[in-house]
Every structure is written in structure tokens, then in C-alpha cells.
Amino acid sequence: MKLYGLVDCNNFFVSCERVFNPTLNGLPVVVLSNNDGCVIARSNEAKALGIPMGCPAFQIKDYCNPSQVIRLSARHRIYCDLSNRVMKILSAEVEHVEQYSVDEAFFTMPYDDVQRNHDVMARLVQKIYKYVGIPVSIGFAPTKTLAKIASHIAKKHPRITDGVYWLVRPEAIDIILRRTVIDDVWGIGRRIAAALADRGIVTAAQFAQMPPTLVRRLFSVSTERTQRELKGEDCMSISPVTVAHSSIMNSRTFAHVITSRHEVQDAIVVFAKMCAQRLRKENAVADTVTVYIRGDRHRQDLPFYSNSCQIKLPTPSSSTMTIVHHALLAFANIYRDDFGYRKAGVLLTGITPAHSIQLNLFDKIDQSRQQQLMQTIDSINNHYGSHIVTLAPDDQRAQWRPEKSHFQKPSKTLRIYTAMLPDKT
DNA sequence: TCTGGGGTCCTAGGACCC
DNA sequence: TCTGGGGTCCTAGGACCC
């Protein structure tokens with residue numbers, strides 16, 4: 001029998017901050033999203049105070065004395081780098097690793113000699129902590145959905161489990177499912193949980209016993225798959241090869257409501273540029289650009305407007321000039337002067353590998369020139385810093401840029417560390 | 001006063017074709 | 001003169017994830 005393993009970094013963003021600032025250990029710490037808007041990571045101590053995930057920062061006071069809680073602005077570049085280090089160690093130790101998110105990865109393992117494997121995995125947990133400083137939990141089970149539950153148990157009881165929990169025997173699975181509330185099952189969100197609760201289904205075990213056809217009819221094939229996985233039927237395989245993205249998005253909530261057309265337009269240009277840059281990094285092209293703008297949905301005193309516009313490119317492209325040009329056309333289609341804007345974004349879809357596109361002769365000449373220009377700009381920016389060469393004004397202090405007031409003063413360790421990051425050298 | 005960003009997958013419904 | 005249905009493709013929107 002094959003088992004799925006899931007490695008999950010505990011309270012990942014907070015753990016990353018603690019790597020550089022050990023004085024945060026043992027304290028209630030939260031990491032905040034863009035504009036210091038929402039809580040996106042919590043230390044165990046912050047969880048114990050009752051602060052929920054996704055809680056708006058200004059509501060922290062509803063749960064505890066806010067002065068007890070250390071608030072930090074997110075530093076995603078650093079989290080991404082530490083994530084890579086964790087994944088590298090994992091990949092060296094196990095086979096068929098599939099990174100699922102910045103802080104999680106699935107892998108497979110043959111089901112034999114559990115005691116020996118347990119020791120190997122417990123040593124892996126220690127190794128990751130020793131070399132990267134990030135505490136992780138590992139769960140094993142016959143399906144990915146059950147492995148998720150197993151890793152939660154490992155995380156909850158690190159002392160008893162050494163950070164590794166095996167959810168394999170049918171009797172054990174049975175007991176655990178009876179103790180697992182339906183909301184905690186991977187793939188069951190708020191809406192489905194509420195619909196299930198209306199029918200008196202509140203535990204994973206009760207959900208597993210529902211007729212599959214009913215689950216399918218009420219929800220979707222995905223939910224039925226989740227149910228089958230809970231019953232031990234493997235419905236989601238591992239895809240170790242990194243699958244190309246099917247969309248690339250860049251969007252921001254602005255620090256304030258913006259009423260200037262130029263300001264919003266500048267933001268669109270920056271988002272389009274960043275999208276194009278990522279596209280080239282992934283050696284891909286896109287055939288559709290979507291732009292969306294929207295007002296502030298929380299302000300009752302302002303008229304609300306939200307719209308999007310999708311434009312198909314004449315030929316798939318990754319050129320900043322082409323993508324920015326079409327993003328601006330889309331923007332002009334939907335922008336209205338009589339509203340204020342709080343959020344905007346650019347989305348690229350129809351993504352294919354760059355080598356797969358068919359061009360006519362004139363496109364070929366034009367594209368190859370643009371490609372050379374883009375390659376030159378990318379290589380200069382990679383070498384000297386990301387804003388050395390830009391194709392349009394890129395005001396780093398523009399009004400729309402998010403505010404972050406909880407940045408910690410970089411410690412000496414952090415300064416040395418950031419200096420070591422590849423694109424700063 | 002202050003409420004994130006970046007993804008994936010599925011479904012329903014419309015357009016179009018034969 | 002009257003009358004269909006099945007297949008495919010695309011898109012918008014909803015649900016989920018971290």
C-alpha cells in the first residue's frame with residue numbers, strides 16, 4: 001500500500017519572522033496582509049487569545065487587549081525563500097514531492113515498517129528545524145484528504161507525536177473522523193459546511209456516511225471526491241512535475257479610495273508589467289488580458305462601481321509593451337470618472353509555453369525584436385535590481401501603493417540575510 | 001477610521017454548428 | 001408549413017484553497 005505524506009510548516013509566516021527575531025518566541029504574534037489589513041498568520045499564543053484567521057487588524061481588540069499582540073507587516077519575499085529551503089531538504093529525503101502551497105507539500109511513501117519510517121520522518125522534522133529554523137508537522141494517510149487531517153493532529157500534539165502522525169488503520173480513521181468537525185475537512189468551506197449543518201451533518205464521519213449521489217447532487221463532483229477520500233478511496237494523485245500556471249494575476253487594494261484616473265491607470269500599468277515579467281520568467285505567453293477595477297465595498301457613503309474588461313491579444317505574447325498596451329485599452333473601456341476606486345488588478349489567461357505559438361511572418365519579425373528587448377531588460381534588472389530599467393513611469397511612492405506600518409527594523413541578521421538573496425547580489 | 005492576494009476547479013448557460 | 005436535439009466551445013460566477 002502507498003501512503004500520502006503531507007508536510008505542513010507550523011504558523012509559517014510567524015515562524016519565518018521568528019527565525020530572524022527569536023525574541024518573538026513564546027509571544028502572541030500575528031502577520032498582517034497588504035495595507036496591514038487582515039491577519040494572515042498567527043502564532044499559537046495569538047490563536048490561544050482567540051484571534052481568528054483573516055480577522056481585520058482593527059478587530060483584534062474584540063478578542064484581547066491589542067497591546068499584548070505583536071503585529072508584523074508581511075514580507076513575502078523572505079517567506080518564499082525560507083519555503084524553498086524547506087522544500088529542498090524535503091526533496092532530498094523523499095520522492096515524488098508535490099509542493100501544494102508556500103508552506104505545504106505532499107509526497108508518497110510505501111507503507112511498510114512504520115516504526116522505522118516514523119523515526120526517519122521525526123529526524124526530518126528535526127533536520128528542517130535545525131537547518132531552516134521552521135517547525136513542521138507531517139501527517140500520513142491513504143489519501144491526501146486524510147493526510148491533511150493527520151498533519152493537523154501532528155501539529156496539535158507535537159510532544160506525543162514527534163511532529164509525525166500516522167492515520168492508517170481503519171479503526172483509527174473511524175475514531176478520528178468522528179472527532180473531526182466538518183469545517184476542518186479540506187475541501188469543505190463555509191458554504192458547504194453551513195448547508196451540511198442544515199441537514200444535521202456536523203462531523204466528518206457523518207458526512208462520510210451520506211449517500212454519494214446526494215453529495216454529488218447537492219454540491220459538485222469535487223465535494224463527492226472529498227467524501228470518497230475520507231472513506232479511504234484515493235482520488236487525487238501526486239503531480240510531481242511543476243504544472244504551468246493557467247493564470248497570472250497582479251492586484252492590490254489601495255491604501256485609500258483613489259479618484260484620480262492617472263493614479264489608477266498607473267497602478268494598472270505596474271500590474272501589467274509585473275504580470276508580463278512573471279510570464280517571461282515562466283517562459284510562457286498569454287492570449288488574454290483582463291483588467292478589473294472596483295470601489296470600496298465597505299464604504300456605504302460612496303457610490304459603488306465595479307467592472308472588468310477582457311481583451312484577446314492578436315497573438316499570444318509575453319511582451320510588456322503588448323500586455324501593457326492591451327491592459328490600457330481594457331482600462332479605458334471600463335474606467336468611469338464619477339467613482340472612487342479602492343482595488344484594481346490585471347489577470348493574464350490563456351497561458352501556453354512560449355515555444356508553442358504559431359506566428360505569421362510579420363508577427364515573427366515584430367515579436368523577435370520585442371523578445372530581444374524584453375530579454376535585455378530582464379537580464380539588466382535581474383543583475384542590478386528590479387527597478388533599474390522600466391518601460392513606463394513606476395513611481396515607488398505613488399498614492400495607490402499599500403501602506404505597511406508594522407515593518408520591523410531589520411535586524412543585523414536580516415540585513416546579512418537579504419544581502420545574500422540572489423537578486424540583491 | 002481601519003476588512004489581502006493569488007490561485008484552482010466546477011457548473012450553468014449561451015452561442016453556434018450540424 | 002411545421003418542427004429538434006446533440007455536441008462543443010466559451011465565459012461568468014461561485015466555491016474552495018493557503
Side-chain angles (χ1 to χ4, degrees), chain A residues 6-13 30-42 51-62 66 71 73-74 76 79-80 83 98-106 144-145 148 151-152 182-196 216-226 235-236 239 242-257 271 274-275 278 282 287-288 290 292 294-302 306-312 342-351 402-406:
Chain A
L6 174 68
V7 178
D8 192 346
C9 299
N10 303 347
N11 315 331
F12 184 53
F13 297 167
V30 297
V31 173
L32 301 173
S33 66
N34 185 31
N35 283 322
D36 297 329
C38 293
V39 170
I40 53 172
R42 305 160 297 159
I51 301 169
M53 186 65 164
C55 165
F58 71 91
Q59 279 175 8
I60 290 177
K61 63 171 173 12
D62 298 347
R71 278 165 277 195
S73 301
H76 291 286
Y79 309 153
C80 205
S83 162
E98 177 200 273
Q99 186 169 355
Y100 172 67
S101 70
V102 70
D103 68 334
E104 279 171 275
F106 288 102
K144 282 183 168 179
T145 307
K148 274 271 193 184
S151 80
H152 285 154
I182 190 66
D183 316 49
D184 288 347
V185 173
W186 186 44
I188 305 294
R190 212 183 319 169
R191 207 196 62 88
I192 294 176
L196 289 171
R216 169 85 184 254
R217 191 162 54 78
L218 290 176
F219 308 108
S220 70
V221 289
S222 318
T223 315
E224 190 202 338
R225 203 177 296 144
T226 297
C235 307
M236 308 176 191
S239 44
T242 317
V243 188
H245 285 106
S246 60
S247 68
I248 290 177
M249 179 153 72
N250 230 283
S251 68
R252 288 290 177 281
T253 299
F254 307 141
H256 317 281
V257 171
F271 301 153
M274 294 201 286
C275 282
R278 261 200 61 199
E282 300 194 1
D287 75 1
T288 305
T290 305
Y292 74 88
R294 83 153 68 120
D296 189 334
R297 61 200 161 102
H298 300 291
R299 290 276 294 268
Q300 305 294 326
D301 55 323
L302 295 176
S306 162
N307 207 346
S308 69
C309 176
Q310 201 175 69
I311 293 189
K312 193 135 187 161
R342 188 69 204 285
K343 187 173 183 182
V346 173
L347 172 74
L348 301 182
T349 47
I351 293 174
E403 286 178 344
K404 291 184 173 189
S405 58
H406 297 292

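Just so it is clear, the model here is predicted, and its values are computed rather than measured. All chains are named by letter (A, B, ...) in the order of the sequence lines, taking the proteins before the strands, and each is independently numbered beginning at 1.
For H245(A), taking side-chain heavy atoms from C-beta onward, the closest of the listed nucleotides dT8(B), dC17(C), dC2(B) is dT8(B). Listed nucleotides dG4(B), dC2(B), dC18(C) differ in distance to E104(A); the shortest reach to its side chain belongs to dC18(C). Checking dC2(B), dC18(C), dG6(B) against every side-chain atom of M249(A), the shortest atom distance belongs to dG6(B). When each of dC18(C), dT3(B), dG4(B) is scored by its nearest atom to the side-chain atoms of D103(A), the top-ranked nucleotide is dC18(C).
Where K61(A) and R225(A) meet DNA chain B, the nucleotide closest to each residue was compared, and K61(A) sits on the side nearer the 5' end. Toward the 5' end of DNA chain B, the nearer of the two residues S246(A) and D36(A), judged by each one's closest nucleotide, is D36(A).
Residue Y79(A) holds its OH atom at 13.0 Å from SG of C9(A), rounded to the nearest 0.5 Å. Distance check, rounded to the nearest 0.5 Å: CG of D287(A) to NZ of K312(A) gives 4.0 Å. Separation of atoms CD (E224(A)) and CZ (F219(A)) is listed at 12.0 Å; rounding is to 0.5 Å.
Look at the P atom in both dC18(C) and dT3(B): the space between them is 24 Å, to the nearest Å.
No side-chain heavy atom of T288(A) sits less than 4.5 Å from a side-chain heavy atom of L348(A). For the pair Y100(A)/K148(A), a side-chain contact is recorded, criterion being any heavy-atom separation below 4.5 Å from C-beta on. By the 4.5 Å heavy-atom criterion applied to side chains, I248(A) and L347(A) are not counted as neighbours.
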Between the protein and nucleotides 11-14 of chain B, are there any N/O to N/O pairs under 3.5 Å, and if so, what are the atom names and distances?
from: dT11(B); atom 1: OP1; to: V221(A); atom 2: N; distance (Å): 3.3

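Checking side-chain atoms of R342(A) against main-chain N and O of R294(A) turns up no donor-acceptor pair under 3.5 Å. Although no hydrogens or angles enter the test, the distance criterion places no donor-acceptor pair under 3.5 Å between the side chain of N307(A) and the main chain of Y292(A). Put simply, the side chain of S73(A) gets close to the backbone of H406(A): a donor and an acceptor are under 3.5 Å apart. Of the possible polar contacts, one joining the T226(A) side chain to the S222(A) backbone as a donor-acceptor pair under 3.5 Å is found. One N or O on the side chain of S33(A) and one on the backbone of C38(A) form a donor-acceptor pair closer than 3.5 Å.
Ring pair H76(A)/F13(A) is perpendicular by interplanar angle, where above 60° counts as perpendicular and below 30° as parallel.
Between S251(A) and the phosphate of dG6(B), there is a side-chain N or O to OP1/OP2 separation shorter than 4.0 Å. For dT8(B), one of the phosphate oxygens OP1 or OP2 lies less than 4.0 angstrom from a side-chain nitrogen or oxygen of S247(A). Remark: N35(A) is not in phosphate contact with dC2(B), judged by side-chain N or O atoms under 4.0 Å from OP1 or OP2. Phosphate proximity of dT3(B) to R299(A): absent, as no side-chain N or O sits under 4.0 Å from OP1 or OP2. A close approach under 4.0 Å does not occur between any side-chain nitrogen or oxygen of K343(A) and OP1 or OP2 of dG6(B).
Across all strands, K312(A) comes closer than 4.0 Å to no nucleic acid atom at all (heavy-atom distances). Residue contacts for V185(A): at a heavy-atom cut-off of 4.0 Å it reaches the sugar-phosphate backbone alone, with no base atom in range.
Remark: DNA chain C forms stems of 3 or more consecutive Watson-Crick or G-U wobble pairs, all pair distances under 3.5 Å, at B:5-18 with C:5-18.
DNA chain B is contacted by no residue of residues 187-195 of chain A, taking any non-hydrogen atom closer than 4.0 Å.
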